[in-house]
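Positions are given from 1 along the sequence. As the structure is a computational prediction, the values presented were derived from the model and not from experiment.
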Amino acid sequence: MSHDRGRRTSSGIEIERVYGPADVVNQGVPAPGAPGEWPFTRGVHSDMYRGRPWTMRQYAGFGTAEETNERFRYLLDSGQTGLSVAFDLPTQMGLDSDDPRANGEVGRVGVAVDTLDDLDRLFAEIPLDRVSTSMTINSTAGILLAMYVAVADGRGIARGNLAGTVQNDILKEFIARGTYIYPVEPSLRLVTDIFSFCSEELPRWNSTSISGYHMREAGATAAQELAFTLANAKEYVRRALDRGLEVEQFAPRVSFFFAAHNNLFEEVAKFRAARRLWARIVRDEFGGSDFSCRLRFHTQTGGSTLTAQQPLNNVVRVTVQALAAVLGGTQSLHTNSYDEALALPGAEAARLALRTQQVLAEESGVRDTVDPLGGSYYVESLTERLEELAGTYLERIEELGGAAAAVPFMTEEIHRAAYAWQLELESGERGVVGVNVYAENEPYVPIVVPDYEELQQSQRRRLNEVRARRDGDTVEKALADVTAAAQAEINVLPAMVEAVKVRATVGEISARLGELWGSYRPS
């Protein structure tokens, strides 16, 4: 059965039968150049993976800190080269595990962190000065980063030796994901506080990972993901400059986070176009050096592309998506597990996801040459077309006053794209194997579901124990210092570090800022 929605990409680009030199216009945009040279279309390093492969950074978070630590050490022993932490929704939303609003959500989509003790257990027996850590956290990014620094301080690890990334991308929460707490302006102030703190204290730390991934998961096309991500990045750069930072102080540590979906060539072209666009933006609009113009990014394969039907098909989807990320020049990669459309990844599925990357790195030959698809008439044409489409969106966002002002516009565009995709799926115009093409009964895949009620009760008991043994007056003073820093428009991160050290909780710090700033209410 053939389900053909026409020869076009997710971004609506019509695909010709064959491509030749005339299809690569390259008018008004920089030439591709050499790998490692501006505008970095062909990669941010001259040798890319010939020296060493991309960082294999598998995302994980399982209820309690101990369970997640066990998975981290399992993945490291299996050859993973970086950590990536998933936090549960209460932690992301600034709620302690015993908050009534957290009921039923503790530990469900990631690890529950209430106090410094939780984070210390999370990284037990893991050398923080030798492993880089990515933390997917936004509204409470400052608090979790403060905890990470406090854990390192407690172990005698110099802050300058800490390497990793804190997502710290609040705009995409307003646009697509929803784990916001405070209004837009104070939220952006927290973003720049982290920029400033990292530039002074954490020279090896990426102060933000600007995420197109979540917008793509919400239904954005490849062109929208590209444009909206860079629009958000421009907003953060402007805010940092307004704060008094120099572009060279923070731009080299800005990183990006993109999705990889199923259209292999469109995804490769998207990554190439992203590097070229960002190089032009940083140089032409902000006066950055070539070093600051490099767009470095992490990729995760598409969670929204996974199917609960015939879940083993997801192994193939993830392989295609991982290949797109590598051919597109990613710096690090997470490959989803085949069972993630059903539950938290099982150990066997997580290992197979990691092995997928390792087979690509060791057996496929993709590391042998840099940008192997560079010069393909088709890929170069797609790169130019995606840059053109993204540029049109960027111009519109500028007309609206920048990304912060254009949140409703970007949200509406994603909604329209998601609706169009769903209509194509339901009409059969878009085929998904195992869902509306080649659908059949498949063997049962065993799923292990944790006892979330017991997990929640256990986490609450631990939180109560910490509160019982800490010094209440010391905690109150530390919380007052956080509030005072916020009121005085000085960086709140140093006060947060001291507060978490005396066991102030994520919820308590977040609540104090909420009393000062209020909550975001979508219009």
Side-chain angles (χ1 to χ4, degrees), residues 7-11 13-27 29-54 212 216 221-223 225-226 256 258-280 294-302 305 316-333 335 356-357 359-390:
R7 302 299 181 184
R8 55 188 172 86
T9 71
S10 77
S11 303
I13 299 171
E14 295 291 337
I15 301 172
E16 304 299 329
R17 181 185 65 83
V18 67
Y19 285 77
D23 297 298
V24 184
V25 180
N26 202 31
Q27 295 178 354
V29 297
E37 295 181 4
W38 195 89
F40 307 106
T41 311
R42 306 200 66 192
V44 293
H45 302 298
S46 61
D47 274 355
M48 287 303 289
Y49 311 130
R50 285 173 65 92
R52 65 181 180 89
W54 58 92
R216 190 68 179 280
T221 67
E225 177 193 4
L226 172 57
F256 292 80
F258 291 111
H261 279 207
N262 289 331
N263 189 318
L264 177 73
F265 297 106
E266 183 181 36
E267 295 302 299
V268 171
K270 178 188 72 181
F271 300 135
R272 301 173 88 251
R275 281 192 294 270
R276 191 154 72 196
L277 270 168
W278 185 239
R280 295 170 64 196
R294 298 180 311 152
L295 184 146
R296 299 169 301 109
F297 68 99
H298 170 73
T299 309
Q300 181 170 338
T301 58
T305 69
V316 183
R317 293 186 179 100
V318 167
T319 303
V320 171
Q321 295 164 8
L323 183 60
V326 173
L327 292 174
T330 193
Q331 276 58 70
S332 62
L333 177 61
T335 35
T356 301
Q357 296 199 49
V359 169
L360 285 176
E362 303 297 337
E363 300 181 26
S364 72
V366 293
R367 293 174 55 197
D368 293 345
T369 189
V370 181
D371 189 28
L373 293 183
S376 157
Y377 299 130
Y378 180 36
V379 170
E380 296 294 353
S381 176
L382 279 180
T383 301
E384 292 178 1
R385 289 288 290 119
L386 282 167
E387 184 173 7
E388 178 186 331
L389 289 172

In Å, rounded to the nearest 0.5 Å, how long is the span from [atom1] of [X] to [atom2] of [Y]?
{"X": "Arg276", "Y": "Glu384", "atom1": "CZ", "atom2": "CD", "value": "6.0 Å"}
{"X": "Glu267", "Y": "Thr301", "atom1": "CD", "atom2": "OG1", "value": "11.0 Å"}
{"X": "Glu37", "Y": "Arg42", "atom1": "CD", "atom2": "CZ", "value": "10.5 Å"}
{"X": "Leu323", "Y": "Thr319", "atom1": "CG", "atom2": "OG1", "value": "8.5 Å"}
{"X": "Glu388", "Y": "Ile13", "atom1": "CD", "atom2": "CD1", "value": "8.5 Å"}

Can a donor-acceptor pair be found, under 3.5 Å and without considering hydrogens, that links the side chain of [X] to the backbone of [Y]?
{"X": "Ser46", "Y": "Pro35", "answer": "no"}
{"X": "Ser376", "Y": "Val379", "answer": "yes"}
{"X": "Glu225", "Y": "Arg216", "answer": "no"}
{"X": "Arg50", "Y": "Asp368", "answer": "yes"}
{"X": "Gln357", "Y": "Leu333", "answer": "yes"}
{"X": "Thr330", "Y": "Ser332", "answer": "yes"}

Taking the side chain as C-beta and beyond, is there a heavy-atom pair between [X] and [Y] under 4.5 Å?
{"X": "Asn263", "Y": "Ser10", "answer": "no"}
{"X": "Arg296", "Y": "Trp278", "answer": "no"}
{"X": "Pro53", "Y": "Arg367", "answer": "yes"}
{"X": "Met48", "Y": "Asp371", "answer": "no"}
{"X": "Trp54", "Y": "Leu360", "answer": "yes"}
{"X": "His45", "Y": "Arg294", "answer": "yes"}

For [X] and [Y], work out which heavy atoms get closest and say how close.
{"X": "Leu295", "Y": "Gln331", "value": "O-OE1, 4.0 Å"}
{"X": "Val18", "Y": "Asp23", "value": "O-OD2, 4.1 Å"}
{"X": "Phe40", "Y": "Ala279", "value": "CD1-CB, 4.3 Å"}
{"X": "Ala324", "Y": "Val268", "value": "O-CG2, 3.6 Å"}
{"X": "Ala223", "Y": "Leu389", "value": "CB-CB, 3.9 Å"}
{"X": "Asn262", "Y": "Arg317", "value": "OD1-CB, 3.9 Å"}

Salt bridge between [X] and [Y], side-chain N to carboxylate O under 4.0 Å?
{"X": "Glu266", "Y": "Arg8", "value": "no"}
{"X": "Glu380", "Y": "Arg272", "value": "yes"}
{"X": "Arg7", "Y": "Glu14", "value": "no"}

* **side-chain contact (heavy atoms from CB on, under 4.5 Å) evaluation trace for Val326 with Tyr49** => CA-CA 9 Å; Val326 173; Tyr49 311 130; 3.6 Å; yes
* How are the rings of Phe258 and Phe271 set relative to one another: parallel (under 30°), tilted (30 to 60°) or perpendicular (over 60°)? ->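 Ring orientation of Phe258 relative to Phe271: tilted.
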* **Candidates Thr221, Thr383, Leu386, Thr9 - the one meeting side-chain contact (heavy atoms from CB on, under 4.5 Å) with Lys270** =>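 One option only clears the test, and that one is Leu386.
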* Measure from the ring center of Tyr19 to the ring center of Tyr378 and say whether it is less than 6.0 Å. =>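 Between Tyr19 and Tyr378, the centre distance is under 6.0 Å.
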